[in-house]
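Every chain is numbered from 1 and lettered A, B, ... according to where its sequence line falls, protein lines coming before strand lines.
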There are 2 protein chains.
Amino acid sequence: MTAAENNKPKRDTYRHGDLRNALIEAGLELARQGGPAAVVLRAATRQAGVAPNAAYRHFTDRNALLHAVSQAAMAHLARTMEAEQAALPPATDATAAARDRFRAVGTGYLRFAQEEPGLFRTAFHVPDDMAHAAADTAAGTTGKTPFELLGAALDGLVEAGILPEDRRPGAEFLAWSAVHGLAALLIDGPLRGLHPTQAHDAGRHVIDMIERGI
Amino acid sequence: MTAAENNKPKRDTYRHGDLRNALIEAGLELARQGGPAAVVLRAATRQAGVAPNAAYRHFTDRNALLHAVSQAAMAHLARTMEAEQAALPPATDATAAARDRFRAVGTGYLRFAQEEPGLFRTAFHVPDDMAHAAADTAAGTTGKTPFELLGAALDGLVEAGILPEDRRPGAEFLAWSAVHGLAALLIDGPLRGLHPTQAHDAGRHVIDMIERGI
DNA sequence: CACCCATTGTGTACGATGTCCACATTCGGA
DNA sequence: TCCGAATGTGGACATCGTACACAATGGGTG
């Protein structure tokens, strides 16, 4: 290399064409490696081969960009959960099927947390300014957000007669709490660095607890 | 005021005398208001009435300072949990007492998360560089870390015959997961802004689930 | 087809931050 | 008493987020 080392996709057109998505994509890569703090506006624009200020034509703020990246990460999570369910072997009966689908929600959640800790933290990052409404565009390929996937699985448990109807209300908060808490333990807390096999076992235990205690 | 508005404790001695603690204290206040991201080195030194670089005589890094603040926040959490147990009304029998003490661990944890969300997030903040060993100096007045407090309460359940001994191993991870997950839901997630009374109810439900499912 | 203006990028600049280096001040022990 | 180890200061630099003025572009209207 002489002086200019351009591995960046330098464009010849003045307009980028798809800058908004390019920035989100670059942000996702940064987040994957370093979590929410690594989503640096200038770095994203650099990756997109564009001046820093160009980002402001598509996001009001660094926070707005980070939020978009966060939503994209949440969508990744949803897809992982959907994939976990899709990979399920056929169950013996409808009851077992409902149960399997429920457990797959938790298993997929935990798998994503371990395989993509940076994206996971980014998905649940709370913006400094606070006050963001409910779910924006965090759905997977089925159009459901992670939370909605959990709700659907719980509904399945009720239909299958596994979960009494009077225990259904608010059940997603119980289940989500336990699984999310374990995820935090696994990627940041004292269970960090656990062997994947053991982590999987821990996941089984927590989901067992949920089934018993829900 | 004319030109110099010094509400800062300007000192006359060249040495500060207790800068390390002053910085941690300032950091705690910053964290209380804005979480880990708000722990800004220069702001802390400003508050301590000292030049930015003075901090480097006591912390190698901004990360080191943040870590110290995090440990201090964890100690706060421990004290809140201890206080929750101390405030317990006398139980009717030993079994009820063990149970009450166990539940107080979770209740205190959740109370701290809601009353001091900034400190709570800071306590569980994972440093960007990663690789920090186990618990440093995060103990409360009894000398126990939050995790150890939970372990002691679980031991109490076993002694009281409430929890079968073969279920004891790893039980702290189940309990901690569920409670921590709820805390995350309450301060960052979809349960944010819940009325304290409702939040307390949610806490009861989660702890019920733990008792049933552990 | 020509023109105009909304959209999209660029360049320059500013304040704030973390951190490095050289220097100043002080205190405690030899 | 004096000197070296602690401790604090000052200045400098790269990087970041972002504001402001300006340039290039392209699509709709005449």
Judged by nearest nucleotide, the residue sitting upstream toward the 5' end of DNA chain D, R15(A) or G17(B), is G17(B)
L41(A) CG to dA16(C) C1', in whole Å, measures 16 Å
is_close_aromatic(H125(B), F120(B)), centroid dist under 6.0 Å = no
Flag yes if more than 12 heavy atoms outside H200(A) fall under 6.0 Å of its NE2 atom; otherwise flag no. no
- In terms of side-chain geometry, is the basic nitrogen of E82(A) or R79(A) positioned less than 4.0 Å from the acidic oxygen of its partner? no
When rounded to whole Å, the NE2 to P distance for the pair H16(A) and dG26(D) reads 15 Å
Q) Base, sugar-phosphate, or nothing for R62(A), non-hydrogen atoms under 4.0 angstrom? A) sugar-phosphate
For this session: Inspect the contact between D155(A) and R101(A) and indicate whether a charged nitrogen and a carboxylate oxygen are less than 4.0 angstrom apart.
Result: no
The answer to which of H58(A) and R42(A) contacts DNA chain C further toward the 5' end, by nearest nucleotide, is H58(A)
Query raised in the report: With a 3.5 Å cut-off and just heavy-atom distances, do the side chain of Y14(A) and the base of dA23(D) make a donor-acceptor pair?
Result: yes
L23(A) atom CG is separated from dT18(D) atom P, nearest whole Å, by 14 Å
I'd like to know if R57(A) reaches the base of dT7(C) with its side chain, counting only an N/O donor and acceptor under 3.5 Å. no
Taken to the nearest whole Å, CG/L30(A) to C1'/dC16(D) is 14 Å
Atom CG of D61(A) and atom P of dA19(D) are separated, to the nearest Å, by 8 Å
Rounded to whole Å, the CG-C1' distance (L19(B) to dA6(D)) equals 12 Å
From CZ of R20(B) across to P of dA6(D) the rounded distance in Å is 16 Å
| said: Would you say the rings of H67(A) and F59(A) are close, in the sense that their centroids are separated by under 6.0 Å? | reply: no
The residue, A51(A) or Y56(B), whose nearest nucleotide of DNA chain C is more 5′ is A51(A)
F59(B) atom CZ is separated from dG8(D) atom C1', nearest whole Å, by 15 Å
Has R46(A) got a side-chain N or O lying under 4.0 Å from the OP1 or OP2 atom of dT15(D)? no
